[in-house]
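The structure appears below as structure tokens.
Reckoned from all heavy atoms, side chains included, excluding hydrogens, waters and symmetry mates.
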Amino acid sequence: MTATVTNNFVSHLEGAIDGEHLPPEIVHTLHHERPIWVRYDLEQINKSLSKQVLLSRPPTIWRYAELLPAYEPSKIVSLGEGMTPVLPCPRLGGEMGLNHLSVKDESQLPTGSFKSRGMALAITMANHFGVKTVALPTAGNAGGAAAAYAARAGMQCYVFMPQDTPIINQYEAVAAGAHAFLVNGLINDCGSVVNKGKDEMGWFDLSTLKEPYRIEGKKTMGLELAEQFDWKLPDVIFYPTGGGTGLIGMWKAFNELREMGWLDSPVMPRMISVQSTGCSPIVNAYDSGQRHATPVQSAETIARGIRVPGAVGDFMILDAIRQSGGTAVAVDEDAILPWMSRATATEGISVCPETGACFAAVQQCLDDGTISANDNIVVFNTGASQKYSEAIACELPLLNIEQPINWAAI
């Protein structure tokens with residue numbers, strides 16, 4: 001499939017594994033079984049866009065149009081993706097011994113998680129190229145987001161998810177009209193189903209990093225963060241890492257802004273990749289000095305979004321961590337839900353299990369000296385806690401109003 005490219009600053013696509021230039025006007029999936037970068041003419045963007053112009057635009061991800069591959073405005077598929085707030089956390093930070101702790105709250109996006117960003121761009125570009133049917137594996141939020149954006153575009157969507165995917169994620173995919181299926185395996189097994197069905201079903205594979213554009217949507221997290229920090233980036237970013245598209249995308253955004261001369265930061269943020277001891281392929285590869293991660297066997301964690309045994313963009317994640325001077329941290333599985341509960345109860349932010357893992361990692365890194373009390377730290381909350389009913393389930397005490405209320409017990 002081909003399409004006419006108009007009014008855009010994309011210079012070429014590039015194989016992430018070997019740097020080979022690829023034409024942007026045709027549909028791509030992987031290159032040598034590895035992801036593809038979208039590259040821009042940043043010099044021309046600088047001539048067409050200024051910080052002052054940016055400030056005059058509506059506060060959505062589309063304000064960064066010059067740095068996105070959405071060639072034709074008429075093909076954009078949007079559910080009103082607004083900029084998400086950076087919320088200071090003084091009480092929780094104070095309890096932990098930190099002076100500058102904030103959360104960037106992605107739960108406020110249209111589908112309740114950061115997946116809205118990637119799917120807005122992936123479905124937009126699928127729409128641009130005339131794709132009619134998409135399919136993907138998901139560990140949780142991606143399925144519902146893909147289903148919603150596909151519905152918005154009038155596309156068919158097939159979603160394959162492990163049997164123990166959070167129930168709300170299952171329901172939301174079906175509610176948005178997707179053909180949703182449970183698979184007796186992990187997300188990698190679901191990915192195999194999608195791959196095997198491409199010829200028979202004729203769908204386009206929307207898997208993480210198996211097309212070039214989800215990463216461009218996730219990149220807007222970094223663009224927003226830079227703008228919200230007045231082009232002076234935080235010292236440290238904690239990010240829960242499964243497929244890693246968000247971490248890779250942010251690092252790409254920071255490098256593009258630096259090349260454009262827009263950043264006032266003397267150094268780039270240290271990117272800290274957070275996983276669970278139940279599934280930590282990136283941490284294992286980082287610790288052993290490897291560029292590629294060995295898939296984890298029998299992966300298990302309550303933070304379903306980071307239960308990815310093997311990521312196709314593993315080397316891109318590890319490159320970003322190392323180039324930033326960051327690190328990869330595995331937190332004890334038993335620490336995730338207590339930190340999720342503590343952060344939500346202390347600051348009122350709807351923290352998901354993956355972000356609970358991040359707060360456990362913050363404490364771990366403070367204790368071992370990886371970060372300091374005066375570092376400006378941003379933790380990404382990638383989804384709303386309400387989407388994880390299994391993780392927040394509890395029993396409430398029942399008041400029998402036919403008997404006198406024992407106020408001392410309340």
Side-chain angles (χ1 to χ4, degrees), residues 82-98 100-117 139-142 144-145 165-169 172 218 221 224-225 228 234 236-242 244 246-247 250 271-279 301-308 329-366 371 375-394:
M83 296 177 73
T84 61
V86 176
L87 302 173
C89 298
R91 282 182 296 280
L92 185 60
E95 291 177 4
M96 298 174 72
L98 298 168
H100 309 286
L101 176 66
S102 299
V103 166
K104 186 157 173 62
D105 188 13
E106 297 289 286
S107 74
Q108 299 189 35
L109 284 161
T111 62
S113 84
F114 70 139
K115 298 294 185 180
S116 293
R117 296 180 186 270
N141 287 310
T165 295
I167 195 69
I168 300 301
N169 296 143
E172 65 182 353
K218 296 286 187 66
M221 291 189 294
E224 277 184 22
L225 196 63
Q228 289 168 320
V236 188
I237 293 173
F238 283 81
Y239 196 84
T241 307
L247 188 147
M250 277 193 285
M271 308 297 290
I272 298 186
S273 169
V274 179
Q275 298 192 309
S276 162
T277 52
C279 183
T301 172
I302 188 66
R304 298 291 188 243
I306 57 176
R307 191 178 65 172
V308 178
V329 177
V331 301
D332 192 88
E333 180 67 19
D334 292 339
I336 293 176
L337 291 187
W339 273 104
M340 175 187 174
S341 176
R342 178 180 175 183
T344 300
T346 303
E347 294 291 354
I349 301 169
S350 179
V351 169
C352 63
E354 293 78 10
T355 303
C358 282
F359 281 115
V362 172
Q363 187 67 69
Q364 188 170 310
C365 287
L366 183 62
I371 61 173
D375 279 337
N376 195 331
I377 296 164
V378 173
V379 172
F380 269 77
N381 181 37
T382 52
S385 62
Q386 303 94 296
K387 302 184 82 173
Y388 299 81
S389 58
E390 298 88 345
I392 62 174
C394 61

Using modelled atom types only, decide if a donor and an acceptor are shared between the side chain of Glu354 and the backbone of Gly305 within a distance under 3.5 Å.
-> yes
Between OG of Ser116 and NZ of Lys218, what distance do you get to the nearest 0.5 Å?
-> 10.0 Å
Which atom pair, heavy atoms only, marks the closest approach of Ala303 to Ile336?
-> CB-CD1, 4.4 Å
Taking every non-hydrogen atom, the tightest pair across Ala361 and Val329 = CB-CG1, 4.1 Å
Test item: Lys104 and Phe114 side chains (from C-beta on) under 4.5 Å apart, heavy atoms = no
Stepwise side chain to side chain contact (heavy atoms under 4.5 Å, CB included) test for Thr346 and Phe359 = CA-CA 12 Å; Thr346 303; Phe359 281 115; over 6 Å; no
Pair Thr382, Glu106: side-chain N/O donor-acceptor within cut-off below 3.5 Å | no
Audit row: Thr355, Ser107, side chain to side chain contact (heavy atoms under 4.5 Å, CB included) steps and yes/no | CA-CA 11 Å; Thr355 303; Ser107 74; over 6 Å; no
Does a side-chain heavy-atom distance below 4.5 Å link Asn141 with Cys352?
-> no
Close side-chain approach of Val103 and Val351, heavy atoms under 4.5 Å = no
With the side chain counted from C-beta on, respond yes when Thr344 and Ser350 share a heavy-atom pair under 4.5 Å apart, and no when they do not.
-> no
Taken to the nearest 0.5 Å, the spacing of Met271 CE from Leu247 CG works out to 4.0 Å
Taking side chain as C-beta onward, heavy atoms only, is Gln363 less than 4.5 Å from Val331?
-> no
SG/Cys358 to CG/Asn381 distance, rounded to the nearest 0.5 angstrom?
-> 9.0 Å
Indicate yes or no: at least one non-hydrogen side-chain atom of Ile168 is less than 4.5 angstrom from one of Gln386.
-> no
To the nearest 0.5 angstrom, please state how far the CD atom of Gln108 sits from the CE atom of Met83.
-> 12.5 Å
Under a 4.5 Å cut-off applied to non-hydrogen side-chain atoms, are Val274 and Phe380 in contact?
-> no
For Thr84 and Arg117, what are the C-alpha separation, side-chain angles and deciding distance, and is it a side chain to side chain contact (heavy atoms under 4.5 Å, CB included)?
-> CA-CA 11 Å; Thr84 61; Arg117 296 180 186 270; 3.2 Å; yes
Please say which of Ile371, Val236, Ile377 ends up in a side chain to side chain contact (heavy atoms under 4.5 Å, CB included) with Cys365.
-> Ile371
For Ser385 against Ile392, the heavy-atom pair lying closest together = O-CD1, 3.8 Å
Exercise: identify the closest heavy-atom pair between Leu337 and Ala391 | CD2-CB, 3.8 Å
To the nearest 0.5 Å, what is the distance between CD1 (Ile237) and OG (Ser273)?
-> 12.5 Å
If you take all heavy atoms of Ala335 and Ala360, which pair is closest and at what distance?
-> CB-CB, 4.1 Å
Is it true that the side chains of Thr241 and Gln275 contain a donor and an acceptor less than 3.5 Å apart?
-> no
Using modelled atom types only, decide if a donor and an acceptor are shared between the side chain of Glu347 and the backbone of Leu92 within a distance under 3.5 Å.
-> yes
Just do the side-chain hydrogen bond (donor to acceptor under 3.5 Å, both in side chains) check on Glu333 and Thr301 with the steps written out, would you?
-> CA-CA 7 Å; Glu333 180 67 19; Thr301 172; 2.7 Å; yes
Indicate yes or no: at least one non-hydrogen side-chain atom of Glu172 is less than 4.5 angstrom from one of Thr111.
-> no
Output yes when Glu390 and Arg304 qualify as a salt bridge under the 4.0 Å nitrogen-oxygen rule, no when they do not.
-> no
Rounded to the nearest 0.5 Å, how far apart are CG of Leu98 and CG of Asp375?
-> 8.5 Å
